[in-house]
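Predicted model only: the values in this text are computed from it and were never measured.
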Amino acid sequence: MRPPLHLRVDRELCIGAGMCALTAPEVFDQDPDDGRVLLLHTEPPTAHRTAARMAVGVCPSGAITLHEAESGGC
């Protein structure tokens, strides 16, 4: 089993480019009032992890960060 992926957004850094919502619409949206990122899932389902990772990479302001829990075990 893969360790959980945890996303965080900094709405103050967000410039409203919308690349995250275009890349991973199941994980991100844009606020209709100010255009900034809205995080729909802090821990995206496995099926949306690749798109979430891509969205982190294409964010022009670096407003999205990704943290992977380390898997335990021997």
Inset, instruction - May I ask you to decide if L13's main-chain N or O and S61's side chain share a donor-acceptor pair within less than 3.5 Å? - result: yes
Legend entry - With R11 via salt bridge (charged side-chain N to carboxylate O under 4.0 Å, His left out) - residues at least two apart: D31, D34
Inset, instruction - May I ask you to say whether R49 pairs ionically with E43, meaning some side-chain N is under 4.0 Å from a carboxylate O? - result: no
Legend entry - Under 3.5 Å: donor-acceptor pair, side chain of Q30, backbone of G35: yes
Legend entry - Shortest non-hydrogen separation from L40 to E26 and the atoms involved: CD1-O, 4.0 Å
Inset, instruction - Could you state whether V9 and L5 fall into the same hydrophobic cluster, counting links through intermediate Ile, Leu, Val, Met, Phe, Trp or Tyr residues with side-chain heavy atoms under 4.5 angstrom apart? - result: yes
Inset, instruction - May I ask you to test the L66-H6 pair for a side-chain heavy-atom distance under 4.5 Å? - result: no
Legend entry - Spacing of SG belonging to C14 relative to CD1 belonging to I64, to within rounding of 0.5 Å: 7.5 Å
Inset, instruction - Please list, chain by chain and in numerical order, all residues satisfying salt bridge (charged side-chain N to carboxylate O under 4.0 Å, His left out) with D10, sequence neighbours excluded. - result: none
Inset, instruction - For residues A55 and C20, report the shortest heavy-atom separation together with the two atoms involved. - result: CB-CA, 3.9 Å
Inset, instruction - With rounding to the nearest 0.5 Å, note down the distance linking NE2 in H48 to OG1 in T23. - result: 14.0 Å
Legend entry - Results of salt bridge (charged side-chain N to carboxylate O under 4.0 Å, His left out) for R36 - residues two or more places apart only: E12
Inset, instruction - Would you kindly confirm whether V27 and V56 end up in one hydrophobic cluster when ILVMFWY residues are joined by side chain heavy atoms under 4.5 Å apart? - result: yes
Legend entry - CG on L7 to CZ on F28, rounded to 0.5 Å: 4.5 Å
